[in-house]
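Since the structure comes first, as structure tokens, the remarks are kept for the end.
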Number of protein chains: 2
Amino acid sequence: MTSKQPTARIRKSSEQVRSAVHQAVIDLLSDSDGADLTIPAIAQRAGVNHTSIYRRWGGREALLADVVTTRLERDWPLNDTGTLRGDLTAWVEAGVASIRTPEGRLLVRAVALSMPSSAHTQAERVQHFQRRIHSIESIRERAAARGETPPPLEEILDQLIAPLYLRAIFGIDPPASGYAELLVGRLLGDTGAPGAA
Amino acid sequence: MTSKQPTARIRKSSEQVRSAVHQAVIDLLSDSDGADLTIPAIAQRAGVNHTSIYRRWGGREALLADVVTTRLERDWPLNDTGTLRGDLTAWVEAGVASIRTPEGRLLVRAVALSMPSSAHTQAERVQHFQRRIHSIESIRERAAARGETPPPLEEILDQLIAPLYLRAIFGIDPPASGYAELLVGRLLGDTGAPGAA
């Protein structure tokens, strides 16, 4: 209705905004280890208005959660190998490959940053955690459907997710080979020499 | 030489500065989950000049490392129980008690934030990590002096430190009882039902 351009900024499509904001989060994490990861800083880096970010994601935690879920689904794919052991091993192997890269380590830091603050209840924190690792839940459900008995989620947290995430956060590379088999073997109660699997 | 006060600010002793800056870090972590944890923000909160912080600590990572080491030494004390199993169990129990508190969880987040960025070499990251967990190294050295054979540091990372830290970061409480015995039992190769120790 008006011939005057409301702004000199080129209007981005919804998907372009999402992509630019996601990339800005990754870039800021790389630059600053998360110290400057505020909505205004993200908006400036992405070239979007910070109100668009609040409108779309609500806040920093939800935005980080979206970035993390999108990237983890791309980088840690969910293969059906036919067995619980195979699925878990494939999941750890994908994780090991990912955290050997700087971006993979940043993603794990972003998972940690995207967890709600300690003001939330234990139940809410467990919910957030489960959303982050829904691929592990899928592996457990598939195993149960096959008639296998998957370990409780908390054992998978302690014995598979925790070592991977901590190594990513500390930047301590996993052993060069056999690491996925070692962790999964311990979790599933293998006896004998570690790494013999 | 001059009667004019250089500033209205009351001069703090070196120890007062250290204490105020440490508390400011803890407060900012509580408020913002680390998003605003910049040197200027810390200086403002502590009521000190930001140049004092740069002069004393060099930068954010070194300051965080100092906060974390000081608090962890206070909260996770190092008991000599006479055995490797006893020392490790006492260490995990102290850790479990600590991460049940909001400040304990913040400290672990601060350990993660204080790790050097991915630009550092693997060797430098391992060094930083070892400084953060030097009490574990003391436990290993004491065991070796007794003639016991402690597990490699990386196994302790994967099986004791990682579960505690991840639970702190995710805010997932450890089981109500027997958790330290369970983790240490797994690490030391106990067989049989978990929690039987």
Side-chain angles (χ1 to χ4, degrees), chain A residues 29-39 41 60-61 101-106 108-109 111-122 124-126 128-129 132-133 153-155 157-159 161-175 179 182-183 186-187 189 191 194, chain B residues 29-39 41 60-61 101-106 108-109 111-122 124-126 128-129 132-133 153-155 157-159 161-175 179 182-183 186-187 189 191 194:
Chain A
L29 278 169
S30 311
D31 288 355
S32 66
D33 288 331
D36 301 328
L37 203 66
T38 61
I39 299 283
R60 196 174 75 102
E61 277 173 9
T101 69
E103 190 186 303
R105 288 194 290 271
L106 288 172
V108 170
R109 282 189 173 228
V111 174
L113 285 169
S114 76
M115 291 303 293
S117 66
S118 52
H120 290 63
T121 66
Q122 160 90 350
E124 285 169 316
R125 294 193 300 263
V126 171
H128 277 259
F129 170 65
R132 291 309 172 285
I133 54 148
L153 186 60
E154 289 210 11
E155 289 192 14
L157 166 64
D158 282 345
Q159 298 191 63
I161 301 169
L164 280 183
Y165 274 44
L166 252 283
R167 283 173 178 273
I169 289 170
F170 288 154
I172 311 278
D173 283 341
Y179 188 60
L182 172 68
L183 294 186
R186 275 187 197 141
L187 172 69
T191 52
Chain B
L29 277 170
S30 311
D31 289 354
S32 67
D33 288 332
D36 302 328
L37 203 66
T38 61
I39 299 284
R60 196 174 76 102
E61 276 173 12
T101 70
E103 190 185 302
R105 288 194 289 271
L106 288 173
V108 169
R109 281 188 173 228
V111 174
L113 284 169
S114 75
M115 291 303 293
S117 65
S118 53
H120 290 63
T121 65
Q122 160 88 352
E124 284 170 315
R125 294 194 302 263
V126 171
H128 277 258
F129 170 66
R132 289 312 170 284
I133 53 151
L153 186 60
E154 289 211 10
E155 289 192 14
L157 165 65
D158 283 343
Q159 296 190 65
I161 301 169
L164 280 184
Y165 275 43
L166 253 282
R167 283 173 178 273
I169 288 170
F170 288 153
I172 311 278
D173 283 343
Y179 189 61
L182 173 69
L183 294 186
R186 274 186 197 142
L187 172 69
T191 52

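Basis for what follows: all heavy atoms, side chains included, without hydrogens, waters or symmetry-related copies.
- For the pair B/D158/A/L182, no side-chain contact is recorded, criterion being any heavy-atom separation below 4.5 Å from C-beta on.
- Heavy atoms only, all atoms of each residue included: B/L166 and A/A162 are closest at CG-CA, 3.6 Å.
- Annotation for A/I172 and B/E154: closest pair CG2-OE2, 4.4 Å, computed over non-hydrogen atoms.
- Taking 4.5 Å as the limit, every side-chain heavy atom of A/I169 sits out of range of all side-chain heavy atoms of B/Y165.
- Between chain B and the residues A/L183, A/D173, A/L157, A/I161, the largest count of heavy-atom pairs under 4.5 Å involves A/D173.
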